[in-house]
Amino acid sequence: MATKMDERLEFVYQEILKRNPGEAEFHQAVREVLESIGPVLTKYPEFRERKIIQRICEPERQIIFRVPWLDDRGEVQINRGFRVQFNSALGPYKGGLRFHPSVYLGIVKFLGFEQIFKNALTGLPIGGGKGGSDFDPKGKSDNEVMRFCQSFMTELWRYIGEYTDVPAGDIGVGGREIGYMFGQFKRLTSKYEAGVLTGKGLDWGGSLVRTEATGYGATFFVAEMLKARSDSFGGKTCTVSGSGNVAIYTVEKIHQLGGKVVACSDSDGVIHDDKGIDLELLKQLKERERRRISDYVGYRKHATYVAGGNIWAVPCQVAMPSATQNEINGKDAATLVKNGCIAVGEGANMPTTPEGIKVFLDAGIAYGPGKAANAGGVATSALEMQQNATRDSWTFEFTEQKLASIMRTIHQNCWETAEEFGSKGNYVVGANAAGFIKVAKAMVAHGLI
Ligand code: GLU
């Protein structure tokens, strides 16, 4: 990282470690922010006096609940549900729900913490929150997913609302799950409160471009980073990890901008297609048929599949990690740089370990951290809320233009803030400092709450 943590912040960090034992991902996310904001506290001593850091690292509210449901054999299953309402200085809590067996409080808190600053960077009126469950949707029938979502919402509904907390999707939660949860919320409240969830279906309150937004936005962000270096996607070889919603629409936008994606992955393995990933086939397998990526090579004979392979070993000029946290370690980062990678844009949340980030920053490549690069998803959720509030619906072109302009502004803001605090070209410092300052100023204005 660019700066070592200053001594007083190190003390604050040690207190946070003690207060939140065993939450490694949360510690990692906090550390990264604290390492960036030393110079900010020199400029704004009131943030230190009002203990903004200690307050920002403590969620406003955390809800943990039992989610019982019946599987198709009639057997009782129990999962754990979470919603961490982290910070409401800028607006109602906003952030996705993740359904994945790895989910525990430390994951939800890291995601909720990052969400505060990401949402601030969008410039839209949304606070930060996150939730989810250790439910594993893999291999579950549609009916099982529905029963789980209904049970999850039967507890969550009393804590959310268009002016309080607005969940959306994340890993394991897409349009289908949002539909089942919205249906149950409507039934429990007898209200058609469209703005309570985002990522809704297009026929019932959803926004055009929301599905594409995270991937498109991340690609726009990388295009801006390349532009700042008088470069572009044209003719670039790219790799995109993952094959979910973020990855698919990252591939789509890279292809539209003239780049070629040659590899993507899932948790079982990697496909390599040097003619360029066949996007329609990918969509068919993953979106419509919910299959594994290994099936891709059955349709594209020249492509290869490596079970357990490492996508970062595939040479590329632009890498877009779009799967999950800590998927690029120091060694992977070194391999990428050695193979000629000049830009990394994070579609996933915290996909690069601190060691990996250091490698990218030391090499001087364009590195766009998730907080900034993947903010297009939640930004478009805020645009969905705007349309719901005015009972309006915008065209695809209009909404995409808004997304592109938001991503340009985020890039500019990160660039200028990094420069202001003496770390020119370092988007980590830029994103953390810019996001933090915005939230901190609002917290100061609201008094000690
Ligand atoms: N889960 C997404 C994220 O990490 C989107 C959240 C939302 O749309 O509220 O930002």
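Counting starts at 1 for both ligands and their atoms, in listed order. Only heavy atoms go into these numbers, but all of them, side chains included; no hydrogens, no water, no symmetry mates.
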List every atom of ligand 1 that sits less than 4.0 Å from any heavy atom of Ser381, numbering the atoms from 1 in the order shown and giving each element. 7 (C), 8 (O), 9 (O)
Of all protein heavy atoms, the one nearest atom 6 (C) of ligand 1 is Gly96 N, 3.5 Å
For the side chain of Ser322 and the backbone of Ala348, is there at least one donor-acceptor N/O pair under 3.5 Å apart? no
Region of Glu384 engaging ligand 1 - heavy atom pairs below 4.0 Å: neither
Report the part of Asn349 (side chain from C-beta onward, or backbone N, CA, C, O) that has a heavy atom under 4.0 Å from ligand 1; answer both or neither where that applies. side chain
Any side-chain heavy-atom pair from Glu60 and Asn87 closer than 4.5 angstrom? yes
Geometric cation-pi criterion Lys140 and Phe135, 6.0 Å radius, 45° cone: yes
Using a 4.0 Å heavy-atom cut-off, which part of Lys130 comes near ligand 1: side chain, backbone, both, or neither? side chain
Out of curiosity, Glu384 CD to Leu197 CG, how far, rounded to the nearest 0.5 Å? 9.0 Å
Could you tell me how the ring of Phe99 sits relative to the ring of Phe148: parallel (under 30°), tilted (30 to 60°) or perpendicular (over 60°)? perpendicular
Before signing off on this row, confirm whether Asn374 and ligand 1 have an N or O atom pair separated by under 3.5 Å. no
Distance-only, no hydrogens or angles: does the Asn20 side chain make a donor-acceptor pair with backbone N or O of Glu23 under 3.5 Å? no
May I ask you to test the Phe436-Ile53 pair for a side-chain heavy-atom distance under 4.5 Å? yes
Protein contact to atom 9 (O) of ligand 1 [nearest heavy atom, distance to 0.1 Å]: Lys94 NZ, 2.7 Å
Any donor-acceptor pair under 3.5 Å from Arg98 side chain to Ser133 backbone: no
For ligand 1, which part of Arg98 has a heavy atom less than 4.0 Å away: the side chain, the backbone, both, or neither? neither
Does even one non-hydrogen atom of Gly169 get within less than 4.0 Å of ligand 1? yes
Find all atoms of ligand 1 within a distance of less than 4.0 Å from any non-hydrogen atom belonging to Arg210, and give their numbers and elements. 5 (C), 7 (C), 8 (O)
With heavy atoms of Lys118 as the reference, note each atom of ligand 1 found under 4.0 Å away. 3 (C), 4 (O), 10 (O)
For Ala168, atoms of ligand 1 separated by under 4.0 Å from a heavy atom: 7 (C), 8 (O), 9 (O)
